[in-house]
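So the structure is just underneath, and the comments pick up after that.
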Amino acid sequence: MVKLPSKGRVALYIAVLLAAYLLLWPVPVEPVSWVAPQDRGFTGAFAPNQKLAQLDSIAIGDYHGPEGVALGADGTVYTSTHEGWILRLAPGQDVAEPWLNTGGRPLGMDFDRQGNLIVADAFIGLLSISADGRQQLLANTAAGVPIRYANGVAVAGDGKIYFSDSSTKFSARAIGGTYEASLLDILEHGGHGRLLVFDPQTRQTRVLVSDLNFANGVALAGDDSFILINETSKYRVLKHWLAGEKAGQTQVLIDNLPGFPDNLGRGLEGRFWLGLASPRNRLLDRLADKPWLRTLVQRLPAVLRPQAVAYSHIVAIDGQGEVVVSLQDPDGGYAVTTGAAESVTHLYISSLVAPVLARVPKSRVGL
């Protein structure tokens with residue numbers, strides 16, 4: 001028997017331990033096999049442009065991640081930050097001021113007819129905040145299952161509140177943040193997302209659509225006949241009918257997007273604004289039908305796992321899924337764009353990580 005030199009034995013032991021770690025170490029994900037659509041990249045309606053290369057910055061103090069934006073009836077702009085604060089930007093101002101801290105991580109926001117700010121808080125659930133700052137919990141469970149990652153929200157004319165629960169498995173609070181939880185859910189691809197509706201009359205929350213792969217932004221049609229919802233890790237937007245002959249049916253509105261769709265909001269002139277937070281990841285697509293390799297990826301150090309790439313991109317689609325506007329900055333000067341809110345004169349652009357809120361006059365981008 002040949003005796004290995006001590007350095008050889010050490011190297012062998014290290015190799016065995018490393019292999020055992022990569023193959024056997026427990027991880028929180030149980031990846032599911034699926035087939036990713038072939039990435040067409042930035043072509044056709046998504047051809048690269050520089051229209052977001054010049055954005056105006058709105059200061060948000062020492063906060064960051066103005067992930068959601070809502071426009072008040074009086075022109076006040078509201079944005080939600082990573083630190084739990086909701087900030088307000090009064091008309092004519094260029095600095096957003098702290099208004100209220102939810103104690104969680106507020107994401108999507110919309111107003112009801114009574115002027116209450118409805119907030120999907122990823123850590124807490126569905127909230128209602130009155131004009132004088134009184135906060136009320138509306139829902140933190142649906143169909144007996146806790147709401148672990150409230151995300152997008154839209155309020156209908158009849159008062160019903162439609163919102164997404166991105167993942168019933170990966171809790172944004174328990175895992176330590178929305179980004180961290182989203183990476184796990186996207187890597188697993190286990191269909192843990194839901195589209196929910198809260199009825200303020202009955203105080204009940206129902207499940208409209210389940211088995212979604214990271215349910216994200218939501219937006220209602222102007223006549224409330226349908227609702228759109230982003231399915232982030234399938235690179236697509238779904239259309240769920242609320243009225244008419246197709247009521248209760250869900251169809252694919254647009255798919256095979258070149259990036260991960262995040263927030264979704266109704267704009268003007270029939271537009272729905274969609275934020276593409278990051279371009280698609282080739283490694284994730286190649287490993288879609290190889291769940292055991294995705295498990296191995298999760299065992300790698302965090303810096304070696306797929307991450308969001310800086311590429312500024314917002315898109316407007318119509319109710320038939322046609323792309324009518326695509327605004328980009330390939331250099332990613334305003335990184336991880338999550339969506340846009342449209343006023344008569346401006347687009348307010350949100351971000352998962354930026355230290356400012358972005359704004360651009362619509363005339364500057366051809367609207």
Side-chain angles (χ1 to χ4, degrees), residues 52 54-72 75-111 117-124 127 129 149-154 164 166 172 177-182 216-219 230 232 260-265 267 273-278 308 310-315 327 329 332-343 345-361 365:
L52 288 186
Q54 294 183 342
L55 297 176
D56 302 326
S57 296
I58 297 170
I60 59 173
D62 295 328
Y63 310 114
H64 77 288
E67 211 272 355
V69 179
L71 305 179
T76 299
V77 178
Y78 294 74
T79 188
S80 54
T81 69
H82 179 79
E83 294 80 10
W85 282 95
I86 295 174
L87 312 179
R88 295 193 297 192
L89 177 74
Q93 293 187 345
D94 290 316
V95 177
E97 300 291 341
W99 176 51
L100 179 142
N101 193 304
T102 66
R105 190 3 173 160
L107 295 176
M109 301 182 294
D110 196 9
F111 283 93
L117 183 63
I118 306 301
V119 179
D121 191 298
F123 290 2
I124 301 173
L127 306 175
I129 303 173
Y149 197 143
N151 198 330
V153 66
S164 59
S166 291
T178 55
Y179 182 63
E180 293 79 4
S182 69
N216 208 322
V218 298
N230 289 340
T232 298
F260 292 91
D262 201 313
N263 292 353
L264 186 60
W273 286 99
L274 171 69
L276 296 180
S278 173
Y311 191 111
S312 311
H313 197 180
I314 58 173
V315 173
L327 307 177
D329 174 14
Y334 189 69
V336 195
T337 42
T338 55
E342 182 179 5
S343 73
T345 57
H346 287 82
L347 292 175
Y348 293 86
I349 304 170
S350 54
S351 165
L352 184 65
V353 298
V356 296
L357 177 66
R359 176 176 61 189
V360 62
V365 294

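Within the 4.5 Å cutoff, the side chain of Tyr334 has no heavy atoms near those of the Leu52 side chain. A 4.5 Å side-chain heavy-atom check between Leu71 and Tyr78 finds every atom pair outside the cut-off. Within the 4.5 Å cutoff, no side-chain heavy atoms of Phe260 are placed close to those of Thr338.
Distance alone, capped at 3.5 Å, places no donor-acceptor pair between the Asn230 side chain and the Thr232 backbone. With hydrogens and angles ignored, the 3.5 Å screen pairs no side-chain donor or acceptor of Thr337 with any backbone N or O of Ser351.
Interatomic distance, CD1 of Ile349 versus CG of Leu357, reported as 8.5 Å (0.5 Å rounding). Distance CG/Asn216 to CG/Leu264: 9.0 Å, rounded to 0.5 Å. Atom CD in Glu67 sits 6.5 Å away from atom OG1 in Thr178 (nearest 0.5 Å). Between the CD1 atom of Ile314 and the CG atom of Leu347 there is a distance of 5.0 Å, given to the nearest 0.5 Å. Note that CD1 of Ile58 is 5.0 Å distant from CG of Leu89, once rounded to the nearest 0.5 Å. Note: Ile86 CD1 to Leu117 CG = 5.0 Å, rounded to the nearest 0.5 Å.
Tyr348 meets the ring-ring contact (aromatic ring centres under 6.0 Å, His included) test with no other residue; sequence neighbours excluded. With sequence neighbours excluded, the residues forming a side chain to side chain contact (heavy atoms under 4.5 Å, CB included) with Ala335 are Ala310, Val353, listed by chain and number. Residues forming a side-chain hydrogen bond (donor to acceptor under 3.5 Å, both in side chains) with Ser80 (at least two apart in sequence, or on another chain): none. His82 pairs by the ring-ring contact (aromatic ring centres under 6.0 Å, His included) definition with His64, not counting sequence neighbours. The side-chain hydrogen bond (donor to acceptor under 3.5 Å, both in side chains) search around Tyr311 returns Gln328, not counting sequence neighbours. Legend: residues meeting side chain to side chain contact (heavy atoms under 4.5 Å, CB included) with Ser164, ordered by chain and number and at least two apart, are Asn151, Ala215, Val218, Ile229. Every residue meeting the side-chain hydrogen bond (donor to acceptor under 3.5 Å, both in side chains) condition with Thr76, not counting sequence neighbours, appears here in chain and number order: Asp74. With sequence neighbours excluded, the residues that form a side-chain hydrogen bond (donor to acceptor under 3.5 Å, both in side chains) with Tyr179 are Gln307.
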Name every donor-acceptor pair, under 3.5 Å, that has one atom in a side chain of residues 91-100 and the other anywhere in the protein, sequence neighbours excluded.
from	atom 1	to	atom 2	distance (Å)
Asp94	OD1	Arg359	NH2	2.6

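When all heavy atoms of Ser350 and Gly68 are compared, the closest pair comes out as CB-N, 4.2 Å. Taking all atoms of both residues into account, the shortest heavy-atom contact from Gly152 to Ala120 is O-CB, 4.1 Å. Nearest heavy-atom pair, Val336 versus Ala308, reported as atom, atom and distance to 0.1 Å: CG2-CB, 4.4 Å. Taking every heavy atom of both residues into account, Glu83 and Asn101 meet most closely at O-ND2, 3.2 Å. Closest non-hydrogen pair, Met109 versus Val119, comes out as CG-CG2, 4.0 Å. Minimum heavy-atom separation, Pro66 to Ala354: CD-O, 3.2 Å.
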Checklist entry - Taking it one step at a time, do Val360 and His346 satisfy side chain to side chain contact (heavy atoms under 4.5 Å, CB included)? => result CA-CA 6 Å; Val360 62; His346 287 82; over 6 Å; no

Item to check | side chain to side chain contact (heavy atoms under 4.5 Å, CB included) assessment of Leu107 paired with Tyr149 | outcome: CA-CA 10 Å; Leu107 295 176; Tyr149 197 143; 3.9 Å; yes

Checklist entry - After noting the C-alpha distance and the side-chain angles of Asp262 and Leu276, does the key distance pass the side chain to side chain contact (heavy atoms under 4.5 Å, CB included) rule? => result CA-CA 6 Å; Asp262 201 313; Leu276 296 180; over 6 Å; no

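Among pairs with a residue in residues 54-65, those fulfilling salt bridge (charged side-chain N to carboxylate O under 4.0 Å, His left out) read Asp56-Arg364, at least two apart in sequence or across chains.
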